[in-house]
Amino acid sequence: MTVPREESQVFITNKDRQLTVLTDQKKEHHLPQSPDCLKTPTDTDGDSYFFDTPTPEVPETVISSTSQSTYLKACRMLSITPSTFCLRCLNEATLVIPHHGIGPSGAKAVAIALVNNSTISRLDLSSNGLESTGLFYILEMLQSNKMISDINLARNDLGSRGAQLISESLRKNKTLTKLNISGNNFSEKDANYLGKLIKKNKTIKELVLSHNSFREQGGVVLGGALECNRVLKKLDLSWNHLRQLGAVAICWSIGENTSLTSLDLSWNGFGMEGCHEMGKSLLRNRTLTYLDLSSNRVSFDAFRQLLRGVVHNKVLKVLKVGSNPITTDGAFAILQSIAVSDTSLEEIDLKDVSVDSDFVDLLEQIKKRRPLTCHYGNTLRHDEIKKGDVKRVLDTDDPVTVLFEYMKQKNLRLIDLLHNLDRDHSDTITRDEFQQGLSNIDLPLSGRSLDILMKKLDTNRDGSVDYEELSARHKEYMRKVTRLRLQADLGPSHYKGYDKLEQLREAVRLKISLNMTRQKTDTQKLPDV
């Protein structure tokens, strides 16, 4: 690596410019007396420091001193004013000096002081105007310092040159575990540098790349790199411009990655394409516990596709989808899914998403059975017409799904279903028996839906359904479900049919689940005999 051209004039330049270790020379002017608070016993840090001069031909000895003294000497040689706050922190476990405006020269002084420092493990130089020049000195220091494992270089205008320096310097770094380089004007082409870092580095577990300008192609590159990574635990890509193919690539990597536990994708543009692919990836992922898709232009239809993976994932615990136009129906849909599945979700963030009274009632019922934290927006109030205890009937064009989904949820065989609905033990089921049997299990169908059901099941038109007719229709139904699921995997444009099927299946599962809860509650209220 070479130092960029935009450097301070106090640095000596030559063709092979590099940071080298120097010692005090006899002709050097004496430093002013340090304050009493800085008169500490000599430690093992040494006072070796970097300076931009040709490498000396004769090896030089290192004079022992404190990191604070080394920092003061570096500031004197660089003709800059020392930071008293930095001085106080040099002997502590963390050096946190954001918004101090130290610039490239100040970064070099800090780097000199930290070369042999053995106490500081966390370094925060965010918002200090380091640029690529100051970054170079910090990265050179990290090659010698083996204590710093957490570094924050956010908002330092590092640019493309900074992305290249970070990639080349940290690929083989074996001490850094946390790196924050958000808000540094990284663009599409810079994703190539950072993608190589994600592929090659074997120690970084937390990486923050938020507030940059990665777009479609940048998402493709980062997604491909993430697919190969087996170390990273937390990744923050929020506040970028990831969408379309870039969003799809990121989601695809989630299905292949086996290490990531936390992923922040908020404030991007995942939309329909991203949610479709994320839903598929969550079916395969076995490590992700935290997912943030807030403010991603997720509509109700897109949210339905995401739910497909969420409800079947057994690991995900926190889902954030707030500030999206998912509507009250979307909010209610996720509670429906939780009520009838064995998902591991413990927290749902629906910030700024309005809900209705049905949502609130269902949330309270779910909380009685399992721990669940839910944040949501305003509760809308609707004037409702009270209908007493009259049961709501299901009016659907697909009553066959209602019948066979009930059988699946109750773990019944076809012969069991036949016997449960056959009241006169004739081994056939009439329309009236369908109506009475489904009403008894709290799945009443409208008259129109019952007519459709009999038309689809009674193939010989004798007015009743026997076992053979029921079996033939069940096989056809299973083939239909498989076909729609495979079509949905092809892309969002093929998802509509499967989505309608899933909505109806979830409605049936919810009714069965709530009916079982109500029966359990009524049983508990019975007085002891």
When rounded to the nearest 0.5 angstrom, what distance separates [atom1] in [X] from [atom2] in [Y]?
X: Glu433; Y: Leu438; atom1: CD; atom2: CG; result: 11.5 Å
X: Lys351; Y: Ser294; atom1: NZ; atom2: OG; result: 8.0 Å
X: Ile166; Y: Leu179; atom1: CD1; atom2: CG; result: 6.0 Å
X: Leu232; Y: Ser259; atom1: CG; atom2: OG; result: 6.0 Å
X: His211; Y: Asn185; atom1: NE2; atom2: CG; result: 12.0 Å
X: Ser169; Y: Leu135; atom1: OG; atom2: CG; result: 8.0 Å

Check [Y] with [X], please: is the shortest side-chain N to carboxylate O separation under 4.0 Å?
X: Asp451; Y: Arg431; result: yes
X: Arg479; Y: Glu476; result: no
X: Asp397; Y: Arg448; result: yes

Which of these, [options], sits in a side chain to side chain contact (heavy atoms under 4.5 Å, CB included) with [X]?
X: Leu288; options: Leu263, Val318, Thr261; result: Leu263
X: Phe214; options: Ile250, Val220, Leu209; result: Leu209
X: Leu403; options: Leu445, Leu443, Leu421; result: Leu421

Flag yes if more than 12 heavy atoms outside [X] fall under 6.0 Å of its [atom1] atom; otherwise flag no.
X: Lys456; atom1: NZ; value: yes
X: Asn378; atom1: CG; value: no
X: His99; atom1: NE2; value: yes
X: Lys455; atom1: NZ; value: no
X: Asn411; atom1: CG; value: no

Any heavy-atom pair between the side chains of [Y] and [X] that's under 4.5 Å?
X: Thr289; Y: Leu316; result: no
X: Met272; Y: Asp301; result: yes
X: His474; Y: Met407; result: yes
X: Trp267; Y: Asn296; result: no
X: Thr287; Y: Val315; result: no
X: Leu501; Y: Val481; result: yes
X: Met454; Y: Val465; result: yes
X: Val231; Y: Asn201; result: no

For [X] and [Y], which heavy atoms make the closest approach, and how far apart are they?
X: Leu283; Y: Arg308; result: CD2-O, 3.7 Å
X: Phe300; Y: Ala333; result: CE1-CB, 4.4 Å
X: Ser167; Y: Leu197; result: OG-N, 4.1 Å
X: Ala331; Y: Leu350; result: CB-CD1, 4.0 Å
X: Ser295; Y: Ser323; result: OG-CB, 3.2 Å
X: Arg297; Y: Gly269; result: NH2-O, 3.3 Å

When you compare the side chains of [X] and [Y], does any donor N or O come within less than 3.5 Å of an acceptor on the partner?
X: Ser426; Y: Thr428; answer: yes
X: Asn128; Y: Asn156; answer: no
X: Ser127; Y: Arg155; answer: yes

Inset, instruction - Verify side-chain contact (heavy atoms from CB on, under 4.5 Å) between Asn240 and Arg215, making sure each step is shown before the conclusion. - result: CA-CA 7 Å; Asn240 279 281; Arg215 300 177 183 274; over 6 Å; no
Inset, instruction - Fit a plane to each ring of Tyr376 and Phe359, take the angle between them on a 0 to 90° scale, and name the class: parallel (under 30°), tilted (30 to 60°) or perpendicular (over 60°). - result: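 Correct class here is perpendicular.
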Legend entry - Pair listing, salt bridge (charged side-chain N to carboxylate O under 4.0 Å, His left out) test, anchored in residues 329-345, at least two apart: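 Matches after skipping sequence neighbours: Lys314-Asp342.
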Inset, instruction - Validate the cation-pi geometry between Arg284 and Trp252: distance from NZ or CZ to the six-membered ring centre under 6.0 Å, angle to the ring axis within 45°. - result: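 Here Arg284 passes the 6.0 Å and 45° test against Trp252.
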Legend entry - Ile348 vs Leu372, side-chain contact (heavy atoms from CB on, under 4.5 Å): CA-CA, chis, key distance, verdict: CA-CA 8 Å; Ile348 306 170; Leu372 179 65; 4.1 Å; yes
So, the side chain of [X] versus the backbone of [Y]: is there a donor-acceptor pair under 3.5 Å, distance only?
X: Asp352; Y: Gly322; answer: no
X: Asp361; Y: Gln365; answer: no
X: Asn229; Y: Ile198; answer: yes
X: Asn184; Y: Phe186; answer: no
X: Asn173; Y: Thr175; answer: yes
X: Asn268; Y: Ser266; answer: yes
X: Asp190; Y: Ser187; answer: yes
X: Asn324; Y: Ile326; answer: no
X: Asp349; Y: Val321; answer: no
X: Asp124; Y: Pro98; answer: no

Inset, instruction - Could you tell me whether Phe404 and Tyr477 have their ring centroids closer than 6.0 angstrom? - result: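 Yes - the distance between ring centres of Phe404 and Tyr477 falls below the 6.0 Å cut-off.
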Inset, instruction - Under the side-chain contact (heavy atoms from CB on, under 4.5 Å) rule, what do Lys172 and Lys202 come out as? Steps first, then yes or no, please. - result: CA-CA 8 Å; Lys172 296 182 180 180; Lys202 304 299 181 183; over 6 Å; no
Inset, instruction - Could you pull out all residues at least two apart from Asp398 that satisfy salt bridge (Lys or Arg N to Asp or Glu O under 4.0 Å)? - result: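 Per chain and number, Asp398 pairs via salt bridge (Lys or Arg N to Asp or Glu O under 4.0 Å) with Lys480.
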Legend entry - Residues which pass salt bridge (Lys or Arg N to Asp or Glu O under 4.0 Å) with Arg413, listed by chain and number, not counting sequence neighbours: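 Once residues adjacent in sequence are excluded, the partners of Arg413 under the salt bridge (Lys or Arg N to Asp or Glu O under 4.0 Å) criterion are Asp416.
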Inset, instruction - Begin from the C-alpha positions of Thr343 and Asn313 and carry the test side-chain contact (heavy atoms from CB on, under 4.5 Å) through to its verdict. - result: CA-CA 6 Å; Thr343 174; Asn313 187 288; 5.9 Å; no
Inset, instruction - Please step through side chain to side chain donor-acceptor pair (under 3.5 Å) for the pair Asp432 and Thr430, ending with a clear verdict. - result: CA-CA 5 Å; Asp432 291 338; Thr430 63; 5.3 Å; no
